[in-house]
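Since the model is a prediction, treat every value here as computed from it, not as a measurement.
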Amino acid sequence: MRRCINEMKTSFLAIGENEAFSRACASSFISQLDPFVSELAELKTAVSEAVTNCIVHAYRGRSDGIIYMSIKLFSDRRVYIKIRDKGCGIVDIEQAMQPLFTTAPEEERAGLGFAVMESFTDRVRVKSSPSKGTTLVMEKTLQEKTEDGSFKAKGNISDESRTKSGSGSPMCEPI
């Protein structure tokens with residue numbers, strides 16, 4: 001049974017300057033699990049995409065938006081990252097998660113944020129209510145290292161933890 005070994009929560013203004021803060025904060029916290037550099041880079045990019053979505057889409061034209069980020073680390077090397085906003089919400093989540101879809105084409109947005117998050121994590125879940133905000137949870141199980149510092153075979157990570165979407169919850173309280 002996995003157990004939560006550490007958790008953090010923070011909030012910050014939804015301004016571009018805080019995108020870098022969110023990456024650094026997540027990276028510093030997750031580093032205690034001693035991930036591979038590539039895993040840490042992937043998680044930092046996923047966090048960056050999630051926070052950028054809040055800044056660009058959830059709080060478009062507003063300077064008073066707040067982004068809430070919490071991270072939980074589990075004994076089985078799973079990382080749960082929750083990014084939440086109280087912005088405009090997403091009307092059609094399935095459409096929004098389609099590669100190349102964007103609500104800001106005039107800003108030359110690529111519409112790849114969710115695709116990037118899904119490719120760099122094992123699971124992405126999104127809940128949203130129009131006019132109330134969006135909650136995004138990303139999950140990734142970090143590889144185990146062998147004594148020589150190399151990766152263990154991928155077979156050591158269950159197929160369930162490699163799922164890109166779907167339901168499921170950690171054994172301890174949800175974030």
Side-chain angles (χ1 to χ4, degrees), residues 1-12 14 17-56 58 67-85 90 93 96-99 110-128 134-175:
M1 177 180 280
R2 67 185 151 172
R3 63 182 173 77
C4 184
I5 57 174
N6 203 356
E7 66 182 293
M8 60 78 70
K9 295 179 183 182
T10 190
S11 59
F12 44 90
E17 294 81 0
N18 284 335
E19 179 271 331
F21 165 77
S22 68
R23 288 172 59 95
C25 184
S27 175
S28 294
F29 189 73
I30 295 166
S31 288
Q32 64 192 280
L33 288 179
D34 192 25
F36 285 93
V37 172
S38 59
E39 293 173 313
L40 197 54
E42 290 173 349
L43 287 171
K44 286 168 52 176
T45 300
V47 165
S48 178
E49 291 294 336
V51 168
T52 297
N53 276 356
C54 294
I55 295 166
V56 171
I67 298 171
Y68 304 87
M69 180 171 73
S70 57
I71 302 175
K72 285 190 176 187
L73 307 178
F74 291 87
S75 59
D76 64 355
R77 298 183 54 79
R78 280 186 207 210
V79 178
Y80 284 85
I81 302 169
K82 180 166 114 177
I83 309 287
R84 184 172 61 86
D85 66 66
I90 301 171
I93 295 171
M97 292 184 77
Q98 292 300 313
L112 295 173
F114 284 120
V116 169
M117 288 180 250
E118 287 183 316
S119 70
F120 287 156
T121 62
D122 298 328
R123 177 180 291 166
V124 174
R125 292 178 301 221
V126 180
K127 291 183 180 179
S128 189
T134 300
T135 299
L136 177 130
V137 176
M138 298 177 284
E139 175 185 339
K140 183 175 183 78
T141 300
L142 303 175
Q143 293 275 352
E144 294 282 341
K145 291 183 180 178
T146 62
E147 287 187 26
D148 68 0
S150 63
F151 286 104
K152 280 190 176 181
K154 285 186 179 180
N156 292 334
I157 295 180
S158 71
D159 289 338
E160 175 190 349
S161 69
R162 290 270 174 213
T163 304
K164 288 291 183 185
S165 62
S167 62
S169 60
M171 296 302 283
C172 68
E173 67 187 73
I175 58 173

Subject >> Closest contact, heavy atoms only, S128 versus I90 >> reply: OG-N, 2.6 Å
**OP:** Taking E118 for its side chain and V124 for its backbone only, find out whether a donor-acceptor pair lies under 3.5 Å.
**Re:** no
Subject >> From CD1 (I81) to CE (M8), nearest 0.5 Å >> reply: 10.0 Å
Subject >> OG1-CZ distance between T135 and R125, expressed to the nearest 0.5 angstrom >> reply: 11.0 Å
**OP:** Mind listing the closest non-hydrogen atom pair of E39 and Q143 along with its distance?
**Re:** OE2-N, 2.6 Å
Subject >> Distance, nearest 0.5 Å, that separates CG of D76 from CD of E144 >> reply: 9.0 Å
Original post:
Is the side chain of D85 donor-acceptor paired with the backbone N or O of T134 at a distance under 3.5 Å, no angle test?
Top reply: yes
Original post:
Does any non-hydrogen side-chain atom of L136 lie less than 4.5 Å from one of M117?
Top reply: yes
**OP:** First locate atom NZ of K72, then atom CG of N6, and finally report the distance between them rounded to the nearest 0.5 Å.
**Re:** 11.0 Å
**OP:** May I ask you to test the F12-M69 pair for a side-chain heavy-atom distance under 4.5 Å?
**Re:** yes
Original post:
For E49, which residues count as a salt bridge (Lys or Arg N to Asp or Glu O under 4.0 Å) partner, sequence neighbours excluded?
Top reply: none
**OP:** Could you pull out all residues at least two apart from E17 that satisfy side-chain contact (heavy atoms from CB on, under 4.5 Å)?
**Re:** I15
Subject >> Sub-4.5 Å side-chain heavy-atom contact between L33 and I5 >> reply: yes
Which donor-acceptor pairs under 3.5 Å do the side chains of residues 18-26 make with protein atoms, sequence neighbours left out?
{"unit_1": "N18", "atom_1": "ND2", "unit_2": "L13", "atom_2": "O", "d": "3.0"}
{"unit_1": "E19", "atom_1": "OE2", "unit_2": "S48", "atom_2": "OG", "d": "2.3"}
{"unit_1": "S22", "atom_1": "OG", "unit_2": "E19", "atom_2": "O", "d": "2.7"}
{"unit_1": "R23", "atom_1": "NH1", "unit_2": "K44", "atom_2": "O", "d": "3.4"}

**OP:** Looking only at non-hydrogen atoms, find the nearest pair between S11 and Y68 and report the distance.
**Re:** CB-CD2, 3.7 Å
Original post:
Taking 4.0 angstrom as the limit, do E42 and K140 come out as a salt bridge?
Top reply: yes
Subject >> Under 3.5 Å: donor-acceptor pair, side chain of Q32, backbone of F29 >> reply: yes
Original post:
To the nearest 0.5 Å, how far apart are CG in L142 and CD1 in I30?
Top reply: 7.5 Å
**OP:** Report the distance from atom CD1 of I71 to atom NZ of K9, rounding to the nearest 0.5 Å.
**Re:** 12.5 Å
